[in-house]
Amino acid sequence: MPEPGPVGNMPSGESLAARDRGLLWHPYAALDGPAPYTVEAAEGVTLTLVSPEGERIEAIDGMASWWCAVHGYRNPELDRAVVDQVTEFSHVMFGGLTHRPAVELAELLVEVTPPELQHVFFADSGSVSVEVALKLAVQYQAARGRPERRRILTVRGGYHGDTTGAMSVCDPEGGMHAEFSGLVAEQLFVAPPPAATTPDGTVWHADEGSVTQWIEDVRATARKHRGELAGIIVEPVLQGAGGMRTYHPTCLRALRDLADELDLVFIVDEIATGFGRTGKWFASEWADVVPDVMCVGKALTGGYMTLAAVLVSAVVGEVITASEQRALMHGPTFMGNPLACAVALQSVRMLRETWSEDVARLSAALSEILPVAAELSVVKDVRVIGGVGVVEFHEAPDPAALTRTALEQGVWFRPFGTLLYTMPPYVCTDEEVRTISYALLRAAQHVELQAGS
Ligand SMILES: *Cc1c(COP(=O)(O)O)cnc(C)c1O
C-alpha cells in the first residue's frame, strides 16, 4: 500500500496557487501578477475555489467560464457524450477521413441556422474560426476576379480573438494594434454603432439621429474604399469583450445591405452571442439579417472542449469551389476533433430545447435587480440584454477587491476595466440568478463606499 502523502512530485506545503505564480501565464496577466484562485471542483453552477490565502469558497459561476459553461459543470448528458466517444476513438485526422460526430454536428448546425447557410468548417477555437472567415473573404474576392480586394471593414470597439488575423479586426486601442504594427494587417475601421438598449427585450431605444448619421458615414467610407474591401465582420448587436456594448439592430441591417451593394462577404461573429445569449437564438435575428458567414464557438460545446465552427452560405461556398484553389485554404491538426464534436452535438441538442425559457428566466431576474445599481454615483450605466447583465463604472475599480466582495456573497466574477458583468449559466435557477444579481449589486455598492471614504 502506498503511504498516504503528497501526490506525485508535489512539494508538500506549497499550494497550487504558489506553484502557479511565476510559472504560468494567465490571460493578459503578468507572471508575477495576483495569485489565482484554485478550482478544486465544479459541479452544477458552483465552483469550489481555494483562495490564494488557502480559504475554501463555494461560489456560483457568474461568468459561465467566459460564456461557455451554459449547461453548468458535470452535466450528466455532456459527461456521457464525452465518455461514449472516448471509448470509440478520441481523435483522428480530418484530412481524407470523416466520422459520425463531425457529420451529425455539421448537419445539426446547418439545421439550426438560417437555411442559406449550408456548409461548415470546424476550427479549434473562436479566434481560428475568425481567421478562417477572413481568409475566406479574401479567397471569395479573388475567385470573383478581384484579387486586390483584401481588406476587411469593421467597427471600433469590437473583439474577435487573439490571433494576429483576428486581432487586426479587434478595436485598435483595446486590441493594442500599435504594439504589433507590421504584424497585424491594417483593416478599415469605422466608428462603433451608437449605443442602444432594449429594456424590455423587444423594443430598442437609441438616438435616431445618431443612428442615421452613423449609417450614412459608414456607407460613405465603404463606398470610397470599395476597390480594396473583401468583407465586413461584426459582432451582432452586442459587442462583447471589447466593452459589452449593445447597439441598434438597424445598424446591423445597414451593414448587411452595404455588403450586398458592394459584394462584400458579410461575416457575423456569433461566438459570444450565439445559442440564445442575447435573447434570440442568434443575435443576427434581432435585425432579421442572414450573414454569408457565421462564426460560432464558446457555448457550442457547453464549455467542455475548445471548438468553433464557420458556417458558410451556399452562394459563397459555390464561388470558393469554382475558384482556382477550389478549397478553403485552412486545415488544423485537430480539425473536427471527435470528442469536441460529440459533446457539441449533445450541447446544441439540449440548447435547442431549453435556451428560450432559460434565457428568459435569467433576463427577468437581471433586469429586475441590476438597474438598482444605476442609482450609485460611481456607476455610469447598467444594461441587460438576454442573459447578459453589465454594470459600467465611471472609473475602473480595483478588480481584486470587486472579486473578493462578490465571493463573500458566494459568486465568482471576473471584472474587466470599468466593467463588472455577468452571463450566468443557462441552468441557473431563479434563486441562483438572484444571488448572482445581488452579489453584483453589493460589489457595486462596495465600490461606492470605497469612493466615498
Ligand atoms: C471569445 C471570442 C472570440 C475568440 O474565441 P477564442 O475561443 O477565445 O479564440 C472571438 N469573437 C468573439 C465575439 C468572442 O467573444
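On a predicted model such as this, the values are computed, not experimentally measured, just so you know. Every number for a ligand or one of its atoms is a count from 1 in the order of the listing. Below, all heavy atoms of this structure are taken into account, side chains as well, without hydrogens, waters or symmetry copies.
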Trainee: Is the ring pair F334/H91 parallel, tilted or perpendicular, if the boundaries are 30 and 60 degrees?
Mentor: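 If you compare the ring of F334 with that of H91, the planes turn out tilted.
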Trainee: Under a 3.5 Å threshold, I'd like every N/O contact between ligand 1 and protein atoms, with atom names and distance.
Mentor:
| unit_1 | atom_1 | unit_2 | atom_2 | d |
| --- | --- | --- | --- | --- |
| ligand 1 | 5 (O) | S127 | N | 3.4 |
| ligand 1 | 7 (O) | G126 | N | 2.9 |
| ligand 1 | 9 (O) | G126 | N | 3.4 |
| ligand 1 | 9 (O) | S127 | N | 2.7 |
| ligand 1 | 9 (O) | S127 | OG | 2.6 |
| ligand 1 | 11 (N) | D269 | OD1 | 3.4 |
| ligand 1 | 11 (N) | D269 | OD2 | 2.7 |
| ligand 1 | 15 (O) | K298 | NZ | 2.6 |

Trainee: Does a donor on one side chain sit under 3.5 Å from an acceptor on the other, for Y73 and S65?
Mentor: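 Yes, side-chain donor-acceptor contact under 3.5 Å.
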Trainee: Run the ring-centre check on F413 versus Y421 and record whether the distance is less than 6.0 Å.
Mentor: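 No, the ring centres sit 6.0 Å or more apart.
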Trainee: Tell me whether S284 contacts the main-chain N or O of V290 through its side chain, where contact means a donor paired with an acceptor under 3.5 Å.
Mentor: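 Flag not set: sc S284 to bb V290 has no pair under 3.5 Å.
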Trainee: Report the residue from T197, V390, V391, L366 that forms a side chain to side chain contact (heavy atoms under 4.5 Å, CB included) with V382.
Mentor: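 Exactly one pass, corresponding to V391.
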Trainee: Counting distance only, does the side-chain N/O of Q187 pair as donor-acceptor with the main-chain N or O of T154 below 3.5 Å?
Mentor: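 No, because the side chain of Q187 does not come within donor-acceptor range (under 3.5 Å) of the backbone of T154.
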